[in-house]
Peer 1: 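Have a look at the structure that comes next, please.
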Amino acid sequence: MKHSISSRLSHLREDSGKEKQDLARYLGITPRSYSRYETGERTPDLSVLICLAEYFNCSVDYLLGRERSNSLNVIDREDALCYKDITQKGYNGKLAHGLIKEIIEKQSYQERVHLSDNDSVKYVSKDHMRQLLMRMLAEIGE
């Protein structure tokens with residue numbers, strides 16, 4: 001169970017673009033104490049798990065590894081885009097990062113696109129990207 005909690009905490013933190021210091025500050029603990037949660041040296045107690053679940057907008061069951069993968073938004077690779085897909089088409093990396101970040105930050109972890117239970121790459125659906133770009137064009141045209 002420790003591995004599930006530690007890997008999920010690390011994944012959620014990286015996905016949200018946060019540093020270990022940010023989480024330590026939020027929890028009121030030292031960065032080293034938080035780091036031990038991600039390495040599996042320590043297991044967070046229930047009150048800390050609840051705070052982390054609220055912070056990451058996920059369930060405690062997810063953090064504990066008890067939530068099944070079918071509760072995640074798993075889609076086919078052909079329907080998804082990642083940073084590398086956009087930059088390989090010749091677009092600026094900052095643009096690619098910004099577009100993906102704009103979509104992901106408005107979604108809960110369960111709403112985010114996953115290709116599998118344990119992917120570490122940030123994906124967005126092509127439909128979400130189209131919707132964002134269409135909204136941007138509409139706003140520019142106003």
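FYI, side chains are in, hydrogens and waters are out, and symmetry mates aren't considered; it's all heavy atoms of this structure.
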Peer 1: Using a 4.5 Å cut-off on heavy atoms from C-beta on, say whether the side chain of L81 contacts that of L99.
Peer 2: no
Peer 1: About how many Å separate CD1 of I5 and CG of L64, when rounded to the nearest 0.5 Å?
Peer 2: 5.0 Å
Peer 1: So D85 and K89, do their side chains get closer than 4.5 Å, heavy atoms only?
Peer 2: no
Peer 1: To the nearest 0.5 angstrom, please state how far the NE2 atom of H11 sits from the CZ atom of F56.
Peer 2: 10.5 Å
Peer 1: Step through the shown structure and confirm whether more than 12 heavy atoms of other residues, nucleotides or ligands are within 6.0 Å of OH on Y91.
Peer 2: no
Peer 1: Once the angle between the rings of Y83 and H97 is folded into 0 to 90°, is it parallel (under 30°), tilted (30 to 60°) or perpendicular (over 60°)?
Peer 2: perpendicular
Peer 1: Taking all non-hydrogen atoms of both residues, which atom of A53 and which atom of S59 are closest, and how far apart?
Peer 2: CB-C, 4.0 Å
Peer 1: With rounding to the nearest 0.5 Å, note down the distance linking CE in M134 to CE in M129.
Peer 2: 14.0 Å
Peer 1: Find out if a path of hydrophobic residues (ILVMFWY) with successive side-chain heavy-atom gaps under 4.5 Å connects L46 to L52.
Peer 2: yes
Peer 1: Is there a donor-acceptor contact under 3.5 Å linking the side chains of D127 and S125?
Peer 2: no
Peer 1: What is the minimum heavy-atom distance between P44 and L9, and which atoms define it?
Peer 2: CG-CD1, 4.3 Å
Peer 1: Should E102 and K106 count as an ion pair when the cut-off is N to O under 4.0 Å?
Peer 2: yes
Peer 1: D79: which residues meet the side chain to side chain donor-acceptor pair (under 3.5 Å) condition with it, sequence neighbours left out?
Peer 2: none
Peer 1: Under a 3.5 Å distance rule, please check whether R77 uses its side chain to pair with a backbone N or O of A80 as donor and acceptor.
Peer 2: yes
Peer 1: Is a salt bridge present between E38 and R8, judged by a nitrogen-to-oxygen distance below 4.0 Å?
Peer 2: no
Peer 1: How long is the span from the OG atom in S6 to the CZ atom in R42, to the nearest 0.5 Å?
Peer 2: 13.5 Å
Peer 1: Relative to Y123, does R112 satisfy both conditions: NZ or CZ under 6.0 angstrom from the six-membered ring centre, and within 45 degrees of the ring's axis?
Peer 2: no
Peer 1: Let me confirm one number: the CZ-OH distance from R25 to Y34, rounded to the nearest 0.5 Å.
Peer 2: 13.0 Å
Peer 1: Please report the shortest heavy-atom distance between S35 and K20, naming the atom on each side.
Peer 2: OG-NZ, 3.6 Å
Peer 1: Would you say S33 and T30 are linked by a side-chain donor-acceptor pair, where the criterion is simply a distance under 3.5 Å?
Peer 2: yes
Peer 1: Could you walk me through whether Y26 and K18 pass the side-chain contact (heavy atoms from CB on, under 4.5 Å) check?
Peer 2: CA-CA 11 Å; Y26 173 76; K18 300 295 182 184; over 6 Å; no
Peer 1: Quick check: closest heavy atoms across L63 and L49, and the distance to 0.1 Å?
Peer 2: CD1-O, 3.6 Å
Peer 1: List the steps and the verdict of side-chain contact (heavy atoms from CB on, under 4.5 Å) for I100 and I86.
Peer 2: CA-CA 10 Å; I100 289 173; I86 298 170; 4.0 Å; yes
Peer 1: Report the C-alpha separation of L27 and V48 in whole Å, then their side-chain angles, then the decisive distance to 0.1 Å, and conclude whether the side-chain contact (heavy atoms from CB on, under 4.5 Å) test is met.
Peer 2: CA-CA 7 Å; L27 295 171; V48 172; 4.1 Å; yes
Peer 1: Rounded to the nearest 0.5 Å, what separation is found between the CZ atom of R13 and the OH atom of Y55?
Peer 2: 10.0 Å
